[in-house]
Amino acid sequence: MLIEDRRKRLLDAVNSRGSLSVSEAERTLAVSRMTVHRDLDVLAAQGLVRKVHGGVVALSARGTDLFDPRAQPFDDRLSIYRDAKKTIAKHVFKLINKSNTLILDSSTTVFYLHELLGDEAEKRDTYIVTGSLPLFTELVRKQNGLRVALHGGEPHVRTGSLVGPLAVNSLTDTRFDFVVLSCLGVLPEEGAIFVSSSDEVQLKQAYLHHARRAILAVDTSKFGQSGAHKLGDLSKFEYIVTEKGAFTQDEFAAHIKKASRKQ
């Protein structure tokens, strides 16, 4: 049995029973106790189960929302393509640094804006709303021209972000100059954008609804990647920002066409 198949079978057993002891896992999988412990450690690190003495317990439906397996926990994703994400943040900042109101998503790409927002040279009174607990923590440390708020919601186990109906409803009657968000994958030729879960679809669509202008911040490693959860179309965004620069819709189409000719 392949490792991923074994761990999926283990996760299914935990979710169906509510909990699973190490001994039960040994019998279910017919593998050694050491292998069981290793698999449970991986599932726990991925935020799929919670370890307790002698085994694991299932998480709530919010914590085990059907997500794309490529969506790793926040801390694990933070160092992936770090330089590209920091470059993207610099391009995005040039677009938003005169804005008064911003809503920022919980992606690790958008997280790196915290290094630029509220800089000593920036004197504007900027109001920022986010559902990202890590980003909120970083921004509240800065007192120079920033007002920062968390919207409502339930904390998602894997991402450290606030999601769910309460998150969406808490945005009622709000309006922002810009929304900045990222995604799991982009199919440029089809103009389609994908995210990791149904929770993200609902929340990010709400972000888009409550912002006058939208920026998609995404590194080029995600081009050509799709998924089960489609957020919407690229046409929703005024700017598409990659490590290569900030593009309008027309500029991005020309850029993709030029890049495809080189392949």
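Positions are given from 1 along the sequence.
Other members of the cluster containing L187 are F194, with ILVMFWY side chains joined at under 4.5 Å, either directly or via other members. The hydrophobic cluster containing Y81 also includes I80, under a criterion of side-chain heavy atoms closer than 4.5 Å among ILVMFWY residues, counted directly or through chains of members.
Applying the side-chain hydrogen bond (donor to acceptor under 3.5 Å, both in side chains) rule to E251 yields the partners T248; only residues at least two apart in sequence or on another chain are considered. Listed by chain and number, the residues in a side chain to side chain contact (heavy atoms under 4.5 Å, CB included) with H151 are V129, L162, A167, S170, L171, L203, Y207 (sequence neighbours excluded). Applying the salt bridge (charged side-chain N to carboxylate O under 4.0 Å, His left out) criterion to E189, with sequence neighbours excluded, gives no partner residue. Among residues two or more places apart in sequence or in another chain, the side chain to side chain contact (heavy atoms under 4.5 Å, CB included) test is passed with V22 by E26, R33, V36, H37, L40. In this view, K204 and D105, E200 satisfy the salt bridge (charged side-chain N to carboxylate O under 4.0 Å, His left out) rule, not counting sequence neighbours. Residues passing the salt bridge (charged side-chain N to carboxylate O under 4.0 Å, His left out) test with K8 are D12, sequence neighbours excluded. The salt bridge (charged side-chain N to carboxylate O under 4.0 Å, His left out) search around K236 returns none, not counting sequence neighbours. Judged as a side-chain hydrogen bond (donor to acceptor under 3.5 Å, both in side chains), and not counting sequence neighbours, Q202 has no contacts. Residues satisfying the side-chain hydrogen bond (donor to acceptor under 3.5 Å, both in side chains) criterion with S32, sequence neighbours excluded, are T35.
Under the ring-ring contact (aromatic ring centres under 6.0 Å, His included) criterion, the residue pairs touching residues 233-256 are F223-F252, F247-H255, with sequence neighbours excluded.
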